[in-house]
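Okay, structure first, notes after.
Naming: A, B, ... by sequence-line order, numbering from 1 per chain. Fair warning: this is a prediction, and the values are worked out from it, not measured in the lab.
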2 protein chains.
Amino acid sequence: MGYFLSANYLRNLYQKESMIRISIYEDNTRLSQLLSLMIENTEGFELMACHENCLEALQNTRTERPDVIVMDIDMPQRSGIDGVIEIKSHFPHIKIIMHTVFDGNEHLFDCLSKGADGYILKKDSSTRLIQAIKEANEGGAPMSPFIANKVLQSFRKPLIQEDFNLTEREIEVLNLLAKGFSYRMISIELNISVETVRRHIKNTYQKLHVQCGPEAVAKAIRGGIIQS
Amino acid sequence: MGYFLSANYLRNLYQKESMIRISIYEDNTRLSQLLSLMIENTEGFELMACHENCLEALQNTRTERPDVIVMDIDMPQRSGIDGVIEIKSHFPHIKIIMHTVFDGNEHLFDCLSKGADGYILKKDSSTRLIQAIKEANEGGAPMSPFIANKVLQSFRKPLIQEDFNLTEREIEVLNLLAKGFSYRMISIELNISVETVRRHIKNTYQKLHVQCGPEAVAKAIRGGIIQS
DNA sequence: TAGCAAATGACCCAAAAGGGTTATTGACAG
DNA sequence: CTGTCAATAACCCTTTTGGGTCATTTGCTA
């Protein structure tokens, strides 16, 4: 090599640095072989390893230093969700794409809350997964359309959201109640008499159709009347 | 025409039926002209109308019968969010894609909770919008990568979620409390003495660092100990 | 086997909560 | 200008809560 670095060497070096390092967790050997092949034959992708379970996810990740992990959920001994928890708690910057057959709410929101960066269904084309890896690596959040829709739907509040018609003051009182204030403390906080506080609370209970504080607070939080 | 329908006529008819009907709400004339052009020149797209505000969104929608609506947020007199509320409450099947410069949380989650089906930033390429229209029409949920990421992030619970170490029984009691059960009712429900119920609740308060029912329930719901 | 955590139960007692009834004032709509 | 509604306030009385202290049983673990 010496002093003379060929253009080729430099290009390879550059390519190496811009390669997306990928690890796979998938217990179905057929599928993992297919994925491996696809990744190895995609320009800019570098397959670090293929694992059949998450038992040593942390060790693997430490040595492989992947940019993106493709993670199945249903694997023997240790589910992919546990893998996500473990990896994300130590390497939050590594992108994890769930790649699974599960299209139900349970697993989906469980994974997302644990920090998954994407969620691609296995029934999607493999091309979609390749594209998803790129997206995740660029900071996006690749999701199958069906999944994206579920996620959006989870934000939609039922349009027929009961309108309890609480007044501003009543909501104010309810908030303090949820903070652990007693009637007396509320009255001091709001500069009104304890009797008035009681009045507001009584009205609130009627409107919410509840009969005690804990129930009122639960209903108010769940109904979005007071922020969670 | 008579009895003889030309092949051409039939093909046109078929094409018309498979066309995606699109309406635009955008107060920036320059941009709306650009979008109109792009849509008119995209195969399978049919531009129904371009509006500068949402004042008559409902009327417009009734006559135009669009499949997909591209909706700006910041428009004079009536915001796109009001438009979404109105249109979605009458035509929930019509897909609405927000097309805006706002990338903050406020507008985003507001729109999503009101029923928007997609959220594309104006800084994205117009091509992306065209693609998004197709996706929305096919039941997907097109989002700019940055937006998709925000949405996913909103699911991530802080990993350092305090562990209050409540026992199963304590959680059970807490749940009943949130349902409006008194200590006596809980004791009957669980077939234990009122004193034991009190005991569990006292322990719970200590663990949660609260001093009354409403506060405990609020903290439990917000902390995910009991479901919202 | 000793020890710990969870679940159970009891007693005392003061403070807080909840239900009912009634009333005044100010603001806003018809 | 009259009625409705929100906010304010008071009184009565019973039940519920919540804090403190103490004690027993069971099952799992070090």
Side-chain angles (χ1 to χ4, degrees), chain A residues 77-78 82 161-228, chain B residues 82 161-228:
Chain A
Q77 295 173 294
R78 194 123 184 284
D82 292 329
Q161 178 116 36
E162 263 180 284
D163 189 12
F164 296 106
N165 249 335
L166 294 199
T167 68
E168 271 186 46
R169 201 55 152 174
E170 283 160 358
I171 294 173
E172 211 174 351
V173 170
L174 206 46
N175 260 305
L176 294 172
L177 200 63
K179 277 195 195 170
F181 283 53
S182 69
Y183 291 8
R184 171 178 310 284
M185 288 163 74
I186 296 175
S187 79
I188 294 167
E189 180 75 16
L190 299 183
N191 236 303
I192 54 182
S193 89
V194 177
E195 289 304 320
T196 305
V197 173
R198 173 204 301 293
R199 180 77 270 147
H200 287 314
I201 290 183
K202 272 194 268 202
N203 289 336
T204 301
Y205 288 179
Q206 281 212 324
K207 291 182 183 177
L208 295 183
H209 307 296
V210 299
Q211 45 264 318
C212 68
E215 192 185 3
V217 166
K219 196 154 190 176
I221 293 182
R222 290 171 174 155
I225 296 173
I226 65 182
Q227 291 328 304
S228 52
Chain B
D82 292 328
Q161 180 116 37
E162 263 179 284
D163 189 14
F164 297 106
N165 249 336
L166 294 198
T167 68
E168 272 185 46
R169 202 53 154 174
E170 283 160 358
I171 293 172
E172 211 175 350
V173 170
L174 206 46
N175 261 304
L176 293 173
L177 200 63
K179 278 195 195 171
F181 284 53
S182 68
Y183 290 9
R184 172 178 311 283
M185 290 163 73
I186 296 175
S187 79
I188 294 169
E189 180 75 15
L190 299 184
N191 236 303
I192 56 182
S193 89
V194 177
E195 287 305 319
T196 305
V197 173
R198 173 204 302 294
R199 181 73 275 145
H200 287 314
I201 290 182
K202 272 194 268 202
N203 289 336
T204 301
Y205 288 0
Q206 280 211 325
K207 292 182 183 176
L208 295 182
H209 308 297
V210 300
Q211 43 262 318
C212 66
E215 192 185 3
V217 166
K219 198 155 188 175
I221 292 182
R222 290 173 176 153
I225 296 174
I226 64 181
Q227 292 328 306
S228 53

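- Under the side-chain contact (heavy atoms from CB on, under 4.5 Å) criterion, A:Q77 pairs with A:N53, A:L55, not counting sequence neighbours.
- What you find for A:G180 and B:C212 is that their closest heavy atoms are CA-SG, 3.7 Å.
- For the atom pair CD1 (A:I171) and CG (A:L166), the distance works out to 5.0 Å, reported to the nearest 0.5 Å.
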### Task
For side-chain contact (heavy atoms from CB on, under 4.5 Å), just list the numbers for A:T204 and A:V173, CA-CA rounded to whole Å, side-chain angles, deciding distance to a tenth of an Å, and then say yes or no.
CA-CA 9 Å; A:T204 301; A:V173 170; 5.9 Å; no
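- Shown here are the side-chain contact (heavy atoms from CB on, under 4.5 Å) partners of B:Q206, two or more places apart in sequence or in another chain: there are none.
- The side-chain hydrogen bond (donor to acceptor under 3.5 Å, both in side chains) pairs that include a residue from residues 176-193 of chain B are B:S193-B:T196, where partners are two or more places apart or lie in different chains.
- A heavy-atom distance below 4.0 Å to DNA chain D is reached by these residues of residues 194-213 of chain B, ordered by number: B:R198, B:R199, B:K202, B:Y205, B:Q211, B:C212, B:G213.
- Residues that satisfy the side-chain contact (heavy atoms from CB on, under 4.5 Å) test with B:A216, not counting sequence neighbours, are B:L174, B:Y205, B:L208, B:V210.
- Note that CG of B:L176 and CD1 of B:I201 are 9.0 Å apart. Values are rounded to the nearest 0.5 Å.
- At a non-hydrogen distance threshold of 4.0 Å, A:I192 from residues 178-192 of chain A come into contact with DNA chain D.
- The closest side-chain heavy-atom distance from A:H200 to A:I186 is not below 4.5 Å.
- Among residues two or more places apart in sequence or in another chain, the side-chain contact (heavy atoms from CB on, under 4.5 Å) test is passed with B:A218 by A:A178, A:V217, A:I221, B:R222.
- Boundaries of the chain A contact region on DNA chain C are C:dA17 to C:dT22, first to last in 5' to 3' order (nucleotide atom under 4.0 Å from a heavy atom).
- Note on the helix from C:dT1-D:dA30 to C:dG30-D:dC1: terminal axis deviation equals 60°, with five pairs used at each end and the result rounded to 10°.
- Every pair passing salt bridge (Lys or Arg N to Asp or Glu O under 4.0 Å) that includes a residue from residues 196-215 of chain B is listed here, sequence neighbours excluded: B:E170-B:K207, B:E195-B:R198.
- From the 5' end on, the contacts that DNA chain D makes with chain B at under 4.0 Å to a non-hydrogen atom open and close at D:dT16 to D:dC22.
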